[in-house]
**Student:** 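One structure, as structure tokens, below. Some questions next.
Numbers for residues simply follow the sequence, beginning at 1.
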Amino acid sequence: MIDASQKLLILQRYPMLDVAGRVLDDALASAASMKVPAGAMMFDEDQPCMGFPLVISGSAKVIKAAPNGRELHLYDVHPGEACVLTSRCLVDSARYEARGITREPVELVVLPPAAFRTLIDSVAPFREFVFKRFAERMAGLLDLISAVTFQKLDQRLAGAIASRPSPIRTTHQALADELGSVREIVSRLLKNFESQGWVRLAREQIEVLDGEALRRISTE
């Protein structure tokens with residue numbers, strides 16, 4: 001059972017549910033509150049979906065993992081957002097086709113499948129929210145497919161760095177996972193960027209010195 005303070009947090013993160021009234025109360029009566037530590041696997045490939053997560057705090061990444069250990073970053077899920085892969089599994093009664101891992105400690109409320117479907121059927125703003133996220137993620141995944149297919153790794157890396165506020169606090173391994181590459185190659189490219197005067201590297205940090213050059217490289 002979700003208490004009043006948790007319900008308030010949910011409505012702050014997911015305001016479209018404010019109009020759900022009794023339907024939301026019924027959904028929350030069967031929901032589960034969870035706290036998941038950083039680095040934990042929330043779901044894996046070929047697993048059934050156990051419910052729809054309403055993320056209150058923290059974040060998770062959704063990746064596609066290869067047998068050789070390489071990973072392709074698909075998207076992140078933050079508070080107030082929907083995991084479209086979970087939505088798809090619930091709507092289609094399918095199994096997961098990727099892996100979800102927490103980036104930092106996550107607090108969430110999980111709606112059982114039946115409660116999720118009731119909200120989809122009964123609450124138009126929630127239904128519009130879920131399908132809008134589908135459209136946004138589809139556009140993002142098409143961009144990712146285009147980048148992987150047509151762009152070289154140095155272009156993709158330059159674009160990933162240029163699009164973030166500096167300094168960027170990350171590791172070479174995290175960037176490699178995000179780009180579907182290996183750490184050694186990403187490190188080599190970053191060293192080249194540094195020698196060109198575009199970035200300055202430090203431990204788990206990248207400072208952008210010439211964002212315009214990086215953006216230019218990413219579109220060549």
**Student:** Compare all side-chain heavy atoms of Pro105 with those of Pro37 and state whether any distance is below 4.5 angstrom.
**Tutor:**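 No; the side chains remain at least 4.5 Å from each other.
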**Student:** Decide yes or no for Glu81 and Arg137: does some side-chain heavy atom of the first lie under 4.5 Å from some side-chain heavy atom of the second?
**Tutor:**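 They are in side-chain contact.
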**Student:** Within the structure provided, determine whether Leu214 and Val208 are in side-chain contact (heavy-atom separation under 4.5 Å).
**Tutor:** yes
**Student:** To the nearest 0.5 angstrom, please state how far the OG1 atom of Thr86 sits from the CG atom of Leu111.
**Tutor:** 11.5 Å
**Student:** Under the 3.5 angstrom rule, does the side chain of Arg164 hit a backbone N or O of Ala160 as a donor-acceptor pair?
**Tutor:** yes
**Student:** Can you tell me if CE on Met16 sees more than 12 non-hydrogen neighbours from other groups inside 6.0 Å?
**Tutor:**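 More than 12 heavy atoms, drawn from other residues, nucleotides or ligands, come within 6.0 Å of this atom.
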**Student:** Any side-chain heavy atom of Pro112 sitting closer than 4.5 Å to one from Phe52?
**Tutor:**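 No - every pair of side-chain heavy atoms lies 4.5 Å or more apart.
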**Student:** Any ion pair linking Lys7 and Asp25 (charged N to carboxylate O, less than 4.0 Å)?
**Tutor:** yes
**Student:** Can a side-chain donor-acceptor contact be found between Ser59 and Glu104 if the only test is distance below 3.5 angstrom?
**Tutor:**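 There is such a pair (donor and acceptor under 3.5 Å, judged by atom type) between the side chains of Glu104 and Ser59.
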**Student:** Considering only NZ, NE, NH1 and NH2 on the basic side and carboxylate oxygens on the acidic side, decide whether Arg99 and Asp44 come within less than 4.0 Å.
**Tutor:**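 Yes, charged N to carboxylate O under 4.0 Å.
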**Student:** Which class fits the ring pair Tyr96 and Phe43: parallel under 30°, tilted 30 to 60°, perpendicular over 60°?
**Tutor:** parallel
**Student:** Please tell me whether Gln6 and Ser33 have a donor and an acceptor in their side chains that are separated by less than 3.5 angstrom.
**Tutor:**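 Yes, a side-chain donor-acceptor pair sits under 3.5 Å.
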**Student:** Any side-chain heavy atom of Val55 sitting closer than 4.5 Å to one from Val77?
**Tutor:**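 Yes, side chains in contact.
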**Student:** Applying side chain to side chain contact (heavy atoms under 4.5 Å, CB included), can you list everything that pairs with Lys35, at least two apart in sequence or on another chain?
**Tutor:** Glu107
**Student:** Using a strict cut-off of less than 4.0 Å between a Lys/Arg side-chain nitrogen and an Asp/Glu carboxylate oxygen, indicate whether Glu178 and Arg183 qualify as a salt bridge.
**Tutor:** no
**Student:** Output a table of donor-acceptor pairs, distance under 3.5 Å, between side-chain atoms of residues 120-127 and any protein atom two or more places apart or on a different chain; print 'none' if there are none.
**Tutor:**
unit_1: Ser122; atom_1: OG; unit_2: Thr118; atom_2: O; d: 3.0
unit_1: Arg127; atom_1: NH1; unit_2: Ile120; atom_2: O; d: 2.6
unit_1: Arg127; atom_1: NH1; unit_2: Asp121; atom_2: O; d: 3.4

**Student:** Applying side chain to side chain donor-acceptor pair (under 3.5 Å) between Arg200 and each of Glu194, Glu207, Gln205, report the one that passes.
**Tutor:**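 Result: among Glu194, Glu207, Gln205, Glu207 is the only option passing the side chain to side chain donor-acceptor pair (under 3.5 Å) with Arg200.
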**Student:** If you define the side chain from C-beta out and look only at heavy atoms, does anything of Phe116 sit under 4.5 Å from Val91?
**Tutor:**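 Yes. Closest side-chain heavy atoms under 4.5 Å.
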**Student:** About how many Å separate CD1 of Ile161 and CG of Leu190, when rounded to the nearest 0.5 Å?
**Tutor:** 5.0 Å
**Student:** Any chance you could measure Gln12, atom CD, to Ile56, atom CD1, to the nearest 0.5 Å?
**Tutor:** 9.5 Å
**Student:** Counting only heavy atoms not in Met41, do more than 12 fall under 6.0 Å of its CE?
**Tutor:** yes
**Student:** According to ring-ring contact (aromatic ring centres under 6.0 Å, His included), does anything in residues 20-40 pair up with another residue at least two apart or in another chain? List the pairs.
**Tutor:**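 Residue pairs with at least one partner in residues 20-40: there are none.
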**Student:** Can you tell me how far the CZ atom of Phe134 sits from the CG atom of Leu85, to the nearest 0.5 Å?
**Tutor:**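 It is 8.5 Å, given to the nearest 0.5 Å.
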**Student:** So which atom in His172 and which in Ser187 form the shortest heavy-atom distance, rounded to 0.1 Å?
**Tutor:** ND1-OG, 2.7 Å
**Student:** Determine, for Lys64 against Glu45, whether the closest basic-nitrogen to carboxylate-oxygen distance falls under 4.0 angstrom.
**Tutor:** yes
**Student:** Let me confirm one number: the OG-CZ distance from Ser57 to Arg13, rounded to the nearest 0.5 Å.
**Tutor:**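 Going from OG on Ser57 over to CZ on Arg13, the span is 7.0 Å.
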